[in-house]
J.: 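Mind having a look at this structure? Questions to follow.
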Amino acid sequence: PTAAEHAAPTATAIDRWEVAVVGAGLSGMYQLLKLRELGFKVHVYEAGSNVGGTWYWNRYPGARFDSESWTYGFSFSDELLKEWTWTEHFAPQPETLRYCNFIADKFDLRRDITFNARVKAAAWDDAADEWELIFENGRRARAHFLITAIGPLSAPTMPTIPGVGDFKGETYHTGLWPHHPVTFAGKRVAVIGTGASGVQTITEIAKTVGHLTVFQRTPNWCAPLRNSKIDAKTMEEIRASYQDIFSRCRDHYGCFIHDADPRNAVDVSDEEREAFFEKTYNTPGFAFWQGNFRDVLIDKRANDMMTDFVIRKIRARVKDQKLADKLIPTNHGFGTRRVPLESGYYEVYNQANVKLVDLRETPIERITEKGIKTSDAEYEFDMIIFATGFDAITGAFDRIDITGRGGQKLKEKWSDGPHTYLGLQIEGFPNMLTLVGPHNAATFCNIPRCIEQNVDWVSDLLKYMRDKGYHRVEAKPDAEATWTQHVHDTAARLLLMTVDSWMTGVNKNVAGRQKRTFVAYAGGAPKYRQKCEEVVAHGYEGFALS
Ligand code: N01
């Protein structure tokens, strides 16, 4: 059936499942497939009208991978690897969304997915050993296990600028981009935000826009993507090397194809360092960030060297050096926030029809019916694009009213930052498993590589429980406390902990998200995988099973 044929649930009967999965992005789809194969009665609820998650919602112009396509796709099915063809090394969003739909079709997933079903609340019923889900339209469902597959960057946030709803022209948020075509030719367009979404949007729409004004609060360090097409012969070579590709990704900290260099930047000669920077800067993808000297993200001296190299690159690309000054970050070193990869971003500012407004000099005072008023000017627009990001990692959990054992609210439990065991389970919330959840290596990962690990681990746990006759799984308090402390200890040495960003849990547009905390896992995917395997080897150590 097509997506349109899946009606939203109506407020009558209660569905009952062994396992309810929330979200039909890549993690929810793979989880469905695995549990179906294991014979569980499993069902997925998805807020959107079709599969794809991130790739369903983020349809903004220029959206594309910054992981190599062929390292990003699922590895679990040889058939899928044989049948699917990537056309670009960093596929654009429409291609990745097609990939998601291809998976849904190939494995006939849609028959077990209800679309247009946004979960409003989830509550644990201790007497029945069940989760009850309540949807926005009032419909309910019950399941013995609840698996969240709700994504780390899926709760878009609007800025808290006065008058934000007043503008009468076209408005879009990059993370909620409409399904209908949007045109920019002849229009006066504003973009607020210069994170990865803003950088991709700005670069793409600059090709056709009438006039573009970029409102930048904090400049970000960017590096070149260096995308190219994949021809048929190259695709065959990629297919022949998939096992090697996935094995290399397995060994990398973030499951990327870029091997980290064992040397320290501070230990090599100036010439050697410069040559290596040049080489990695010219390599496609995250090589410069994820495959650089081993000390660049932990030793300030090494980071300064890397940062100095990138400053010279930006200065060479931007003609007006006063403009270059504004585009060069001054409050953080390269790579200490998520690095947007770009394809001609800096050159956009050489265009006569593009203006950069530096909000550190002239802050926005309000949004008006006609445009944006800063402290020194009033701008009129036909369209405002909000590239203002997400309430990351915990935001999607907060948007569901989740109640655990004894009436405990997850939002309250996490009011000072998440507490989890392995980023997969939470004390007080029995039988709830969090794929790509906070404190999970998947949040800092070439995500499908880590999704496969998460889903396989959760599926094995459910099978183990069924085989052994257990009905409940819940993290023990001491295991949760130890893991949470480990998460913070591991992050402490990273330079990124000295900077505000979604990676340090800060979002100035969300109440209660002003203080830095660590919401991901910085020990790296290999170490995380090893820990998960050890827990299993010791009979699911740290979990209470009953
Ligand atoms: O969001 P962001 P994003 N007034 O939070 C600005 C992934 N991703 O959607 O830095 C003015 O990075 C804010 O300014 P500041 C990737 O992991 C992947 O771009 O807070 N400006 C910032 O510039 C990425 O990191 C891809 O001062 C305001 C911007 O909005 C993550 O998603 C592509 C403001 C938000 O940047 C999030 O990226 C895209 C205000 N009131 C995204 N409020 C791939 O390539 C916010 N801003 C795969």
Side-chain angles (χ1 to χ4, degrees), residues 26 53-55 57-69 71-72 90-93 96 151-164 172-177 190-204 214-223 225 227 254 256 285-286 289 327 329-332 335-343 345 356-360 362-367 372 374 384-393 395 436 442-448 496 499-510 513-514 519-520:
L26 286 168
T54 289
W55 305 106
W57 297 102
N58 289 272
R59 315 168 171 249
Y60 61 84
R64 69 170 63 244
F65 280 151
D66 42 25
S67 306
E68 293 71 10
S69 320
T71 70
Y72 184 97
F90 301 89
Q93 173 272 338
T96 312
L153 292 156
S154 55
T157 47
M158 290 291 279
T160 51
I161 301 169
V164 73
Y172 307 104
H173 188 292
T174 49
L176 294 170
W177 201 263
V191 175
I192 302 179
T194 50
S197 305
V199 165
Q200 288 185 329
T201 304
I202 290 161
T203 311
E204 184 61 27
V214 176
F215 292 86
Q216 171 192 267
R217 187 165 66 183
T218 312
N220 265 316
W221 296 107
C222 306
L225 176 67
N227 185 30
F256 289 98
F286 275 137
W289 189 30
L327 289 164
T330 51
N331 69 346
H332 66 286
T336 59
R337 298 176 111 205
R338 165 54 155 83
V339 176
L341 294 185
E342 49 81 29
S343 309
Y345 175 65
L356 180 72
V357 176
D358 186 339
L359 299 179
R360 293 166 300 182
T362 55
I364 297 179
E365 287 183 349
R366 66 175 303 111
I367 293 179
I372 296 175
T374 65
I384 299 179
I385 297 172
F386 294 96
T388 45
F390 303 88
D391 186 4
I393 304 186
V436 199
T443 47
F444 249 27
C445 188
N446 186 3
I447 292 191
L496 69 81
V499 186
D500 287 350
S501 76
W502 68 258
M503 298 199 290
T504 53
V506 177
N507 185 325
K508 297 187 179 101
N509 299 314
V510 181
R513 294 264 197 274
Q514 318 303 319
V519 286

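One-based numbering, in listed order, for ligands and for the atoms of each. Quick caveat: nothing in here was measured; it's all calculated off a predicted structure.
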J.: Roughly how far, to the nearest 0.5 Å, is OG1 of T160 from NZ of K508?
T.: 10.5 Å

J.: Taking F65 as the fixed residue, which of Y72, F286, F256 is the one that meets the ring-ring contact (aromatic ring centres under 6.0 Å, His included) rule?
T.: Y72

J.: Report the part of N509 (side chain from C-beta onward, or backbone N, CA, C, O) that has a heavy atom under 4.0 Å from ligand 1; answer both or neither where that applies.
T.: side chain

J.: Ignoring angles and geometry beyond distance, decide whether T160 reaches within less than 3.5 Å of ligand 1 through its nitrogen or oxygen atoms.
T.: no

J.: Can you report which non-hydrogen protein atom sits closest to atom 29 (C) of ligand 1, along with the distance?
T.: A387 O, 3.3 Å

J.: So, taking the atom named OG1 in T218 and the one named CG in D500, what distance separates them when rounded to the nearest 0.5 Å?
T.: 8.5 Å

J.: Can you tell which of I202, T388, V199 makes a side-chain contact (heavy atoms from CB on, under 4.5 Å) with V191?
T.: I202

J.: With only distance considered, is W55 within less than 3.5 Å of ligand 1 through an N or O on each side?
T.: no

J.: Starting from atom 15 (P) of ligand 1, what is the nearest protein heavy atom, named by residue and atom, and what distance separates them?
T.: T218 OG1, 3.4 Å

J.: State, yes or no, whether a side-chain contact exists between L225 and Y345 at a heavy-atom distance under 4.5 Å.
T.: no

J.: Show which atoms of ligand 1 fall inside a sub-4.0 Å distance from at least one heavy-atom site of R64.
T.: 44 (C), 45 (O), 48 (C)

J.: With a 4.5 Å limit on heavy-atom distance, are the side chains of N58 and Q93 in contact?
T.: no

J.: To which of H332, R338, E342 does the heavy atom nearest atom 26 (C) of ligand 1 belong?
T.: R338

J.: Indicate yes or no: does an N/O atom of T174 lie under 3.5 Å from an N/O atom of ligand 1?
T.: no

J.: Give me the nearest non-hydrogen protein atom to atom 45 (O) of ligand 1 as residue plus atom name, then the distance to 0.1 Å.
T.: D66 OD2, 2.9 Å

J.: Check whether any side-chain heavy atom of V436 lies under 4.5 Å from a side-chain heavy atom of T443, and answer yes or no.
T.: yes

J.: What's the shortest distance from atom 4 (N) of ligand 1 to any protein heavy atom, and which residue and atom give it?
T.: R217 NH1, 3.8 Å

J.: Taking 4.0 angstrom as the limit and counting only heavy atoms of Y60, give me the atoms of ligand 1 inside it, by number and element.
T.: 33 (C), 39 (C)

J.: Starting from atom 24 (C) of ligand 1, which protein heavy atom do you reach first, and at what distance in Å?
T.: W502 NE1, 3.6 Å

J.: Got a sec, which residues hit ring-ring contact (aromatic ring centres under 6.0 Å, His included) with Y172, two or more places apart in sequence or on another chain?
T.: W177

J.: Let me confirm one number: the CG-CD1 distance from L359 to I192, rounded to the nearest 0.5 Å.
T.: 8.0 Å

J.: Excluding sequence neighbours, so at least two apart, what forms disulfide bond (SG atoms under 2.5 Å apart) with C445?
T.: C450

J.: In terms of residue, atom name and distance, what is the protein heavy atom nearest to atom 19 (O) of ligand 1?
T.: S197 N, 2.8 Å

J.: Less than 4.5 Å apart, any side-chain heavy atom of S154 and any of W57?
T.: no

J.: Below a 4.0 angstrom heavy-atom separation, can you tell me which part of F90, side chain or backbone, both or neither, approaches ligand 1?
T.: neither

J.: Closer than 4.0 Å to some heavy atom of L359 - which atoms of ligand 1 meet that?
T.: 11 (C)

J.: Consider ligand 1: state whether an atom of it lies below 4.0 angstrom from any non-hydrogen atom of T194.
T.: yes

J.: Just to be sure I'm reading this right: ignoring hydrogens, which of A196, S501, G175 gets closest to atom 8 (N) of ligand 1? Compare them by their nearest heavy atoms.
T.: A196

J.: Of the side chain and backbone of L341, name the one, both, or neither that has a heavy atom under 4.0 Å from an atom of ligand 1.
T.: neither

J.: Among all protein heavy atoms in this structure, tell me which lies nearest to atom 10 (O) of ligand 1, with the distance rounded to 0.1 Å.
T.: R337 NH2, 2.8 Å

J.: Where's the contact between L153 and ligand 1, heavy-atom distance under 4.0 Å: side chain, backbone, both or neither?
T.: side chain

J.: With heavy atoms only and a cut-off of under 4.0 Å, state how Q216 meets ligand 1: side chain, backbone, both or neither.
T.: neither

J.: Please check if the side chain of W221 supplies one atom and the backbone of H332 the other of a donor-acceptor pair under 3.5 Å.
T.: yes

J.: Could you state the interatomic distance from CG (N509) to CZ (F390), rounded to the nearest 0.5 Å?
T.: 12.5 Å

J.: So which heavy atom in the protein is nearest atom 1 (O) of ligand 1, and how far is it from that ligand atom?
T.: G389 CA, 3.2 Å

J.: Applying a heavy-atom cut-off of 4.0 Å, say which part of I192 lies close to ligand 1: side chain, backbone, both or neither.
T.: side chain

